[in-house]
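Shown next, in structure tokens, is the structure this report addresses.
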Amino acid sequence: MAYSQLQKIETKVQIRASAQQFYDIFCNRPHHIANISPQKIQSVQIHKGEWGTEGSIVSWNFMLDGKKVVAKEVVEGIDKENCKLSFKVLEGDLLGLYKSFKFNLQVTPKENGSVVQWSLEFEKQENHIPAPHTLLQLGIELSKNIDSYLTQEHN
């Protein structure tokens, strides 16, 4: 029997856009991310519910380590006041490596711009499976791409 436990890795990214602008993209308009960063995200589609609502089911098609990856996720936690959001993976390629996988996003306003914090919670299927650092890197790259898009669009 494989030993496993819930693990967590996280990173922070400083951006120029406001916390509310950035959060709005991920919470209410994630399907726009495929237009903002098409080299990373091929599509984001809704299967159940509405954009920006808890319990909605969303599919992400994206590139990771040079491969096409699909993740079907449920939006678990939306805290618009504190710009927090979480997605729990229900189906897809990530569950081949991890028993459970959750993306947590929080955007905190700063004097100039804001800070995006990505936190990944996961349980490995097997001990030898690496932590998903490439997914954290994807979060950093998406944050920078969305920031560029928002600061160009609103200047």
Min side-chain heavy-atom separation [X]-[Y] under 4.5 Å:
{"X": "Met63", "Y": "Gln39", "result": "no"}
{"X": "His31", "Y": "Ile46", "result": "no"}
{"X": "Leu85", "Y": "Val75", "result": "yes"}
{"X": "Thr108", "Y": "Gln117", "result": "no"}
{"X": "Phe87", "Y": "Val89", "result": "no"}
{"X": "Gln5", "Y": "Gln7", "result": "yes"}

Can you give me the closest heavy-atom contact between [X] and [Y], atom names plus distance?
{"X": "Ala34", "Y": "Ser43", "result": "CB-CA, 3.9 Å"}
{"X": "Val116", "Y": "Ser143", "result": "CG1-OG, 3.7 Å"}
{"X": "Ser119", "Y": "Lys8", "result": "OG-CE, 2.9 Å"}
{"X": "Arg16", "Y": "Ser148", "result": "NH2-CA, 4.2 Å"}
{"X": "Ile129", "Y": "Gln125", "result": "CD1-CB, 3.8 Å"}
{"X": "Cys27", "Y": "Lys80", "result": "SG-CE, 3.9 Å"}

Measuring from [X]:[atom1] to [Y]:[atom2], what's the distance to the nearest 0.5 Å?
{"X": "Lys40", "Y": "Trp60", "atom1": "NZ", "atom2": "CH2", "result": "14.5 Å"}
{"X": "Thr134", "Y": "Leu138", "atom1": "OG1", "atom2": "CG", "result": "8.0 Å"}
{"X": "Leu6", "Y": "Lys99", "atom1": "CG", "atom2": "NZ", "result": "11.0 Å"}
{"X": "Ile15", "Y": "Thr151", "atom1": "CD1", "atom2": "OG1", "result": "9.0 Å"}
{"X": "Ile140", "Y": "Asn145", "atom1": "CD1", "atom2": "CG", "result": "12.0 Å"}

In one Ile/Leu/Val/Met/Phe/Trp/Tyr side-chain cluster, 4.5 Å: [X], [Y]:
{"X": "Ile9", "Y": "Leu64", "result": "yes"}
{"X": "Val115", "Y": "Ile25", "result": "no"}
{"X": "Leu97", "Y": "Val70", "result": "no"}

Report task. On the 0 to 90° scale, with breaks at 30° and 60°, tag the Phe26-Trp118 ring pair as parallel, tilted or perpendicular. Result ->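 Plane angle over 60°, so perpendicular.
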
Requested in this report: Please name all residues satisfying ring pair (Phe, Tyr, Trp, His ring centres under 6.0 Å) with Tyr98, sequence neighbours left out, ordered by chain then number.
Outcome: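 Testing Tyr98 for ring pair (Phe, Tyr, Trp, His ring centres under 6.0 Å), a comparison that skips the adjacent residues, returns Phe101, Phe122.
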
Query raised in the report: Mind checking what makes side chain to side chain donor-acceptor pair (under 3.5 Å) contact with Asp93, not counting sequence neighbours?
Result: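 If we apply the side chain to side chain donor-acceptor pair (under 3.5 Å) test to Asp93, skipping adjacent residues, there are no hits.
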
Taking the side chain from [X] and the backbone from [Y], do they hold a donor-acceptor pair closer than 3.5 Å?
{"X": "Glu50", "Y": "Ser56", "value": "no"}
{"X": "Glu54", "Y": "Ile78", "value": "yes"}
{"X": "Lys72", "Y": "Glu91", "value": "no"}
{"X": "Ser37", "Y": "Ile33", "value": "no"}
{"X": "Tyr23", "Y": "Gln106", "value": "no"}
{"X": "Ser114", "Y": "Ala17", "value": "yes"}

Report task. Among Glu121, Glu73, Glu76, find the one that has a side-chain hydrogen bond (donor to acceptor under 3.5 Å, both in side chains) with Lys102. Result ->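 Running side-chain hydrogen bond (donor to acceptor under 3.5 Å, both in side chains) over Glu121, Glu73, Glu76 with Lys102 returns exactly one hit, Glu76.
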
Report task. Run the numbers on Val58 and Trp51 for side chain to side chain contact (heavy atoms under 4.5 Å, CB included), then give the verdict. Result -> CA-CA 9 Å; Val58 179; Trp51 298 115; 4.0 Å; yes

Query raised in the report: Among Thr11, Leu135, Leu94, which one satisfies side-chain contact (heavy atoms from CB on, under 4.5 Å) with Leu120?
Result: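 That would be Leu135.
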
Query raised in the report: Could you walk me through whether Glu10 and Asn104 pass the side chain to side chain contact (heavy atoms under 4.5 Å, CB included) check?
Result: CA-CA 9 Å; Glu10 54 189 31; Asn104 298 299; over 6 Å; no

Requested in this report: Take Lys68 and Asn61, measure what side chain to side chain contact (heavy atoms under 4.5 Å, CB included) needs, and give me the verdict at the end.
Outcome: CA-CA 7 Å; Lys68 287 186 179 183; Asn61 292 282; over 6 Å; no

Query raised in the report: Cluster partners of Ile57, using ILVMFWY side-chain heavy atoms under 4.5 angstrom, listed by chain and number?
Result: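 Members besides Ile57, by chain and number: Val74, Leu90.
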
Requested in this report: Using the side chain to side chain contact (heavy atoms under 4.5 Å, CB included) rule, take Asp24 and His32 through it: C-alpha gap first, then chi angles, then the decisive distance, then the call.
Outcome: CA-CA 11 Å; Asp24 178 61; His32 289 204; over 6 Å; no

